[in-house]
2 protein chains.
Amino acid sequence: MTAAGKHQASRPIGRRLERAGIRDVAAAAGVSITTVSDALNGKGRLPDATRRHVREVADRLGYRPSAAARTLRTGRSGLIGLTVTTYGEEPFTFTEFAYFAEMARAATSAALARGYALVILPASSRHDVWSNVALDGTVVIDPSDHDPVVTDLVRQGVPVVSDGRPAGNLPVHAWVDNDHEAAVLDILDHLAAAGARRIGLLTGTSTDTYTRLSTTAYLEWCERVGQEPVYEAYPAHDPCAGAVAADRLLARPDRPDAVYGLFDPNGTDLLAAARRYGLRVPDDLLLVCCSESSVYATTEPPITTLSLKPGRIGTAVVQLLIDAIEGGGSGAPVQQVMPTDLIVRISSQRRQPRTTVSPPRNAGE
Amino acid sequence: MTAAGKHQASRPIGRRLERAGIRDVAAAAGVSITTVSDALNGKGRLPDATRRHVREVADRLGYRPSAAARTLRTGRSGLIGLTVTTYGEEPFTFTEFAYFAEMARAATSAALARGYALVILPASSRHDVWSNVALDGTVVIDPSDHDPVVTDLVRQGVPVVSDGRPAGNLPVHAWVDNDHEAAVLDILDHLAAAGARRIGLLTGTSTDTYTRLSTTAYLEWCERVGQEPVYEAYPAHDPCAGAVAADRLLARPDRPDAVYGLFDPNGTDLLAAARRYGLRVPDDLLLVCCSESSVYATTEPPITTLSLKPGRIGTAVVQLLIDAIEGGGSGAPVQQVMPTDLIVRISSQRRQPRTTVSPPRNAGE
DNA sequence: CAGCTTGACAGATACGTTTCTCCATGGCTG
DNA sequence: CAGCCATGGAGAAACGTATCTGTCAAGCTG
């Protein structure tokens, strides 16, 4: 047999498949460990011949540097946490799928392009899981008031960037958010321009920043133009509650002739409710909702949606985070406000030729 | 003397915030490193008093074990890769959002419950990113024929479990998949029972297992019942192509009176197309599509959907993977076939008693 | 030709754990 | 009282990498 000689001198108690280590490569290439490390990482000063030789030997042995060892030595893991809010025990709810999916997709791409990978970590994770993964930094989506995990991370000196303004005084290093007030005002103006006299709002009962800012903007707008606010609030993470709230809103005596829904499923819910009450969209009711879903392009009628551009946000958040990681936590916290995108479809436009707008059934005061 | 003596011997060049290490705890508690490790991990044989004392000191110092060091020593990182197929440079497409999101959510929860976290890793990741993260195992979604990354991982001895039957002879350790044939046959029978004479199929052009199995089942069913197949295939990752294909299918001279769409957006696309051709659903056209989206509960009319139960699949995949990781790659590959769920709504049922239904405004074009 | 720089590498150490081996002590039994 | 076991704990060896500090020869300069 060939390899019978020196009983190899290595430790055959290897975990699995006796992976080749850097010293095996060094031995095989007839150079020192230092040289291998330098050659592979393009560091020291070596003649190209040596560099090539080492690389080739490494390839031949199928050498893969141990991520754990490298992390231990350098203090960098190349891992970024993606913290998602939780409802009960579950990571995120159906309501936010489209937003979250798009945001995560963009974040993943952006991180990858800079050599980082994302770790999904629900905010309510068991502590042992959190501390068991070496994170270079964390993206946190819509951090709640005093998220213990985030606080903990910040205290450990791990850079944290949040998607959405941090509630309370969470000391994140940077955040990115949409200009929610501007978005709402824009929509209300758009609806008013389309002839709406009484614009209603479908909003949430939770205290997150998005809901709060949007609702406040709505109320302010109402006050400014002298309209009585007409809104229904419901727990946004419960899809059934959304349908009920939509129905309630259209059942009111002071029924609105236009509605903006803050959450993704509101569009279909409102459409269904409108149908139940025999309201035609957009003739009797103008509709807009905030959603990333493409289904609204093909509903009957297609519904105008506000896109928060989660992709842009995901990218921005990751860039900011990696800058913080690599640049060293220099300077003051960065905050970046991104515009939204109103995709106007039929549901928010009065039919053109129609001069007289069909008034609500009984115009009562 | 207590401290001051030996000038501490420590290195003040610490990366960031001089995190306390295990030896700091040992010193502070007046015991050895071994004792601290044992006390914190509940291993050795120590009196409860010592154990408590060490824990308390560790807490006081805010000690967090270094994940990197632990991983290096134990060979376990507690990290599981979640590999998603890519189209172009992007991780996944809009078509699969709902499925992917639900699957990822369940997988995250399941992993977390067993002390693992998930790392998102697009299949086309740069190699250096892949090898820079220490993975205990990997979940791969719909692996393509000879995915280089998966092959590489398997060769390194990393356990791999796939969602969907592995194409080709990818040597995964286990897989979980739906019973796609049974699902399609079930749907076709269901539509036939509702009175359909000619059932059409909206399918994909790609060669993945799902598309292939489903299409084959359809063709077989057609042959068995003696129906001429009527189908359109399109590149599933292109949403616009889907709308076009739906239109084409309903424009055919041998127009089907029922359609099953294999992909998520097919429902709304078909509905839109039906509207264009003045076809009433379900009166003139029965509709079913495969989707995880809840919007189909509130479309007009609500559409019958086939759910693949991605949550169940995600959970199963993770369980299998962790079993493989912890149990040691014992035994033959496991394969697990999970049932699907047909959610019957109005679109696939002929109206029962109703004599006259309020007809659409003007039926013609 | 002594002394200096520079290129090309080798040796040794540290990163922070886990764990294997080994050493005290003290209370028993035979 | 010698021998033994159980208990409680300390020491030291890995794990695999990245670097810091040398070393040695060759090529210069003055």
Side-chain angles (χ1 to χ4, degrees), chain A residues 9-27 29-54 58 61-78 128 131-134 156, chain B residues 9-27 29-54 58 61-78 128 131-134 156:
Chain A
S10 71
R11 60 262 92 97
I13 9 86
R15 205 81 37 194
R16 312 181 208 273
L17 251 46
E18 277 298 346
R19 298 196 5 161
I22 196 175
R23 68 172 137 257
D24 301 313
V25 178
V31 298
S32 80
I33 292 182
T34 308
T35 305
V36 175
S37 179
D38 283 351
L40 260 32
N41 298 337
K43 294 227 160 164
R45 20 170 214 190
L46 305 176
D48 278 0
T50 308
R51 226 175 266 278
R52 259 199 310 275
H53 176 226
V54 169
L61 297 189
Y63 167 71
R64 298 260 170 270
S66 149
R70 171 173 294 177
T71 301
L72 179 58
R73 182 68 236 252
T74 62
R76 288 274 173 75
S77 66
D128 53 316
S131 50
N132 247 348
V133 30
Q156 280 178 45
Chain B
S10 75
R11 63 266 89 105
I13 9 86
R15 201 86 30 200
R16 311 182 209 274
L17 254 44
E18 278 298 348
R19 297 194 9 160
I22 197 175
R23 68 172 137 253
D24 300 314
V25 178
V31 298
S32 78
I33 291 183
T34 308
T35 305
V36 174
S37 180
D38 284 351
L40 260 31
N41 298 337
K43 293 226 160 164
R45 20 169 216 193
L46 304 176
D48 278 0
T50 308
R51 223 175 270 277
R52 260 199 311 274
H53 176 227
V54 169
L61 296 189
Y63 167 70
R64 299 259 171 270
S66 148
R70 171 173 296 178
T71 300
L72 179 58
R73 182 66 238 248
T74 62
R76 288 273 173 75
S77 66
D128 53 314
S131 51
N132 247 347
V133 31
Q156 279 179 45

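Below, read A as the first sequence line, B as the second, and so on, with proteins coming before strands; counting in each chain starts at 1. Only heavy atoms go into these numbers, but all of them, side chains included; no hydrogens, no water, no symmetry mates.
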Side-chain N,O ([X]) to OP1/OP2 ([N]) below 4.0 Å:
X	N	result
S66(B)	dG16(C)	no
T71(B)	dT17(C)	no
R23(B)	dC15(C)	yes
K43(A)	dT19(D)	yes

Given atom [atom1] of [X] and atom [atom2] of [N], what is their separation to the nearest angstrom?
X	N	atom1	atom2	result
R76(B)	dG16(C)	CZ	C1'	20 Å
N41(B)	dT19(C)	CG	P	8 Å
R70(B)	dA14(D)	CZ	C1'	17 Å
L72(B)	dC15(D)	CG	P	9 Å
D38(A)	dA8(C)	CG	P	12 Å
N132(A)	dG16(C)	CG	P	17 Å
L40(A)	dT17(D)	CG	P	10 Å
I22(B)	dA14(C)	CD1	P	18 Å

Show the atom names and distances, to 0.1 Å, of all donor-acceptor pairs under 3.5 Å that link a side chain in residues 64-71 of chain A to residues at least two apart or in another chain.
residue : atom : partner : partner atom : Å
R64(A)  : NH2  : H127(B) : NE2          : 3.4
S66(A)  : OG   : A68(A)  : N            : 3.4
S66(A)  : OG   : A69(A)  : N            : 3.0
R70(A)  : NH1  : N132(B) : OD1          : 3.0
T71(A)  : OG1  : A67(A)  : O            : 2.8
T71(A)  : OG1  : R76(A)  : O            : 3.4

Looking across every strand, which nucleic acid part, if any, lies under 4.0 Å from [X] by heavy atom: base, sugar-phosphate, or nothing?
X	value
R64(B)	sugar-phosphate
I33(B)	base
S37(A)	base

- Note on the structure: Side-chain contact check for L46(A): nearest option of dG9(D), dT17(C), dC9(C) is dC9(C)
- Message: Nearest 0.5 Å, please: how far is CZ in R51(B) from OG1 in T35(B)?
- Response: 10.0 Å
- Applying side chain to side chain donor-acceptor pair (under 3.5 Å) to D38(A) and not counting sequence neighbours gives none
Dump the pairs, protein N or O against N or O of nucleotides 21-23 of chain C, anything under 3.5 Å, distances to one decimal.
none

- When you match A69(B) and S32(B) each to their closest nucleotide on DNA chain D, which lands nearer the 5' end? S32(B)
- Note on the structure: Heavy-atom nearest nucleotide on DNA chain C taken for A68(B) and for V31(A); more 5' hit belongs to V31(A)
- Could you point out which residue of V54(B), L40(B), D24(B) forms a side-chain contact (heavy atoms from CB on, under 4.5 Å) with Y63(B)? L40(B)
- Item | Heavy-atom closest contact (S77(B) atom, A134(B) atom, distance) | OG-O, 2.6 Å
- Task: Could you tell me which non-hydrogen atom of V25(A) sits nearest to which non-hydrogen atom of V36(A), and how far apart they are?
- Result: CG1-CG1, 3.9 Å
- Apply the test side-chain hydrogen bond (donor to acceptor under 3.5 Å, both in side chains) to residues S37(A) and T34(A): give CA-CA distance (whole Å), side-chain angles for both, the deciding distance (0.1 Å), then the verdict. CA-CA 5 Å; S37(A) 179; T34(A) 308; over 6 Å; no
